[in-house]
Amino acid sequence: MQGKLTVDPTNQISKIDDRVFSALIEHLGRGVYDGLYNPGNPLSDDNGFRQDVVKAVKDLNIDLIRYPGGNFVSGYNWEDGIGPKDQRPTRLDLAWRSIETNQFGLHEFMKWTKQTGTRPDMAVNLGSRGIDAARNLVEYCNYPGGTYWSDLRKQNGAAEPFNIKTWCLGNEMDGDWQIGHKDAEEYGKLAHETAKVMRLVDPDLDLVVSGSSTREMATFGSWEETVLDHTYDDVQYLSLHRYYDNEENDLHNFLAKSVDFDEFISGIVAVCDAVKARKHSDKTLNLALDEWNVWYHSHKQDDETAPWQNAPHLLEDHYNFEDALMVGTMLITLLKHADRVKIACLAQLVNVIAPIMTDDTGIWLQSIFFPFMQVSKYGRGIALAPKQTADTYNSKDFTDVPYLDSLAVYNPEHHEVVVFAENKGEDAMDFSTELREFTAQSVIEATQFAGYDIKQTNEDQTMAIKSNDHVTLTDNTLQTTLQPLSWNMFRIQVTE
Ligand code: AHR
């Protein structure tokens, strides 16, 4: 098999926004409790924050943390999570049918973001609540002082405002499963009014309006059109969510779903631009892909989990090697849309469909941790439009799928071109990258994530990214072999 990528710096997609390396943390299962927050555990600090989790989050270079949900936010009273812990109410969380103790709330979250070097992306409840709770929350978080809510924040220990910049106007409001689900007309009007009032409190907010929860929704497309009719001028971002599964156990069809992902993003961009044209607007709306991942392994177990438990084991997918390849191809697809996708949140971060898993004695890193960590660390700079040639295959739902998925990122600061390449085939691939305009000086690093059984998971922590020692660089061309079913990265020092 053959594959070739031509790298040309004159063919740029866009600068990659740091916020595409973000994640969701929801009050769900063991995401917060028994996950990142575990008071009394020897691995936790005085705040109850697990220090092994903090380190792993830092290793992932996460930017924004979307919080507190997810479906959870649509039934959440944010006021329950502030003030003295012994006075906070225990409530039923109706989204996940669990017990919510509210021992972790807004102040704990803000402290945790500081410790992990991340930034908040706060969701407001537009399900069971609305404008009033949202404006109070903005006042509590961002107003300096001298009013009821801002003084209460001070009284609760935060003298300085949190200054939260990014806010989501509800979550998946198109879905009937959502508490307070609305039709597009109702939600569009509510989102518009909420945005207006939140901005009266703080004019400097970046707002994300809820798009479709999946491409399969009957309202997909029309939901966006109607909602944007009401909110186009109010918001900076439209959200989209996408999860993939391999329920049918068909590896090649599974990995080909990156084609669907690509079309999904392009379709939403087209809808945004159609609304822009119709409104004669000068403003281009960007996207917040604020939930994405593989999700399916835990479905059966979740159906059998008894309700009304504290921190139950929910959505605890154990990811295997093919899932890591899927996450890899999703990451490359995402970067191909760097011109419009400005925020992307891996859903989620700890224990719940997550790269980081905890138990009482430590953490273990899932297979999907590795490609995410590499792209998040080295995929900084300018995404270059991939000009590639490769053999193709047909699968159950897709035709002419390239076995190769590849993309280069140019980092002018470090004079570095970083190539991410995935071989989706079961044969080795002769792979070359030709650099145009640049002069390639040396290969800084060449790595591969390969050689594992596609169903292997990583509870025993044996998976690792290894170096690829069979790389040559001559005449501005890097040459190597991509192992069957492999995720690869090449860092090349260049002069411009
Ligand atoms: O991430 C898990 C759930 O998936 C979120 O709560 C919801 O927004 C989506 O359906």
Side-chain angles (χ1 to χ4, degrees), residues 22-33 35-36 62 64-76 92-98 100 109 121-128 167-182 187 191 208-220 223 227 237-245 247 261 264 287-303 305 307 311-319 323 326-327 330 343-357 366 368 372:
S22 297
L24 166 66
I25 286 179
E26 177 166 5
H27 284 242
L28 193 183
R30 299 191 308 124
V32 173
Y33 305 107
L36 62 95
I62 301 285
L64 299 180
I65 301 285
R66 182 166 174 254
Y67 174 86
N71 296 339
F72 173 79
V73 76
S74 299
Y76 181 50
L92 296 183
D93 159 23
L94 299 180
W96 299 104
R97 307 190 75 224
S98 306
E100 173 56 56
F109 172 63
D121 170 6
M122 187 64 68
V124 300
N125 175 355
L126 293 190
S128 66
W167 296 77
C168 300
L169 300 169
N171 177 70
E172 294 191 349
M173 301 308 299
D174 60 330
D176 191 35
W177 60 87
Q178 200 70 212
I179 295 169
H181 152 68
K182 293 166 180 54
Y187 171 66
V208 183
V209 73
S210 283
S212 292
S213 48
T214 82
R215 197 182 181 190
E216 285 71 33
M217 297 299 286
T219 51
F220 173 69
W223 171 272
V227 167
Y237 307 97
L238 171 71
S239 83
L240 54 160
H241 293 176
R242 202 69 181 133
Y243 295 99
Y244 289 105
D245 68 68
E247 293 284 9
F261 192 42
F264 174 60
L287 304 186
L289 178 64
D290 55 18
E291 290 186 31
W292 72 271
N293 203 348
V294 172
W295 174 16
Y296 74 106
H297 297 284
S298 56
H299 286 340
K300 188 165 178 293
Q301 185 197 333
D302 290 344
D303 291 343
T305 303
H313 289 258
L314 286 175
L315 280 67
E316 296 203 8
D317 280 38
H318 284 203
Y319 291 113
D323 298 327
M326 187 60 202
V327 163
M330 289 180 83
I343 298 175
C345 303
L346 181 70
Q348 299 193 6
L349 192 55
V350 185
N351 287 333
V352 174
I353 43 173
I356 302 163
M357 301 297 286
Q366 299 240 38
I368 63 168
F372 187 94

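Atoms within a ligand are numbered from 1 in the order they appear, just like the ligands themselves.
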- Is it true that the side chains of N351 and E316 contain a donor and an acceptor less than 3.5 Å apart? no
- Honestly, is R242 close enough over F261, meaning NZ or CZ under 6.0 Å from the six-membered ring centre and within 45° of the axis? no
- Look only at the side chain of D121 and the backbone of I65, and say whether a donor-acceptor pair between them is shorter than 3.5 Å. no
- Just wondering, do V124 and Y76 contact through their side chains at under 4.5 Å, heavy atoms? no
- Are a donor atom and an acceptor atom from the side chains of Q301 and H313 found within less than 3.5 Å of each other? no
- Which of the atoms in ligand 1, numbered in the order shown and given with their element, are less than 4.0 Å from a heavy-atom of G70? 5 (C), 6 (O), 8 (O)
- Do Y187 side-chain atoms and S210 backbone N/O form a donor-acceptor pair below 3.5 Å? yes
- Item | Nearest protein heavy atom with distance in Å, relative to atom 2 (C) of ligand 1 | Q348 NE2, 3.5 Å
- Task: Return yes or no for this condition: an N or O of E172 is under 3.5 Å from an N or O of ligand 1.
- Result: yes
- Message: Using a 4.0 Å cut-off to any heavy atom of N71, which atoms of ligand 1 qualify?
- Response: 5 (C), 6 (O), 7 (C), 8 (O)
- Note on the structure: heavy-atom search around atom 4 (O) of ligand 1 in the protein gives E291 OE1, 3.1 Å
- Message: At under 4.0 Å between heavy atoms, is it the side chain or the backbone of N171 that contacts ligand 1, or both, or neither?
- Response: side chain
- Task: For E26, counting its heavy atoms only, list the atoms of ligand 1 lying under 4.0 Å from any of them.
- Result: 5 (C), 6 (O)
- Go through ligand 1 atom by atom and flag the ones less than 4.0 Å from a non-hydrogen atom of I353. 1 (O)
- Item | Check: S74/N171 side-chain N/O donor and acceptor closer than 3.5 Å | no
- Query: Which is closest to atom 1 (O) of ligand 1 in terms of heavy atoms, W177, Y243, W295, W96?
  - Reply: Y243
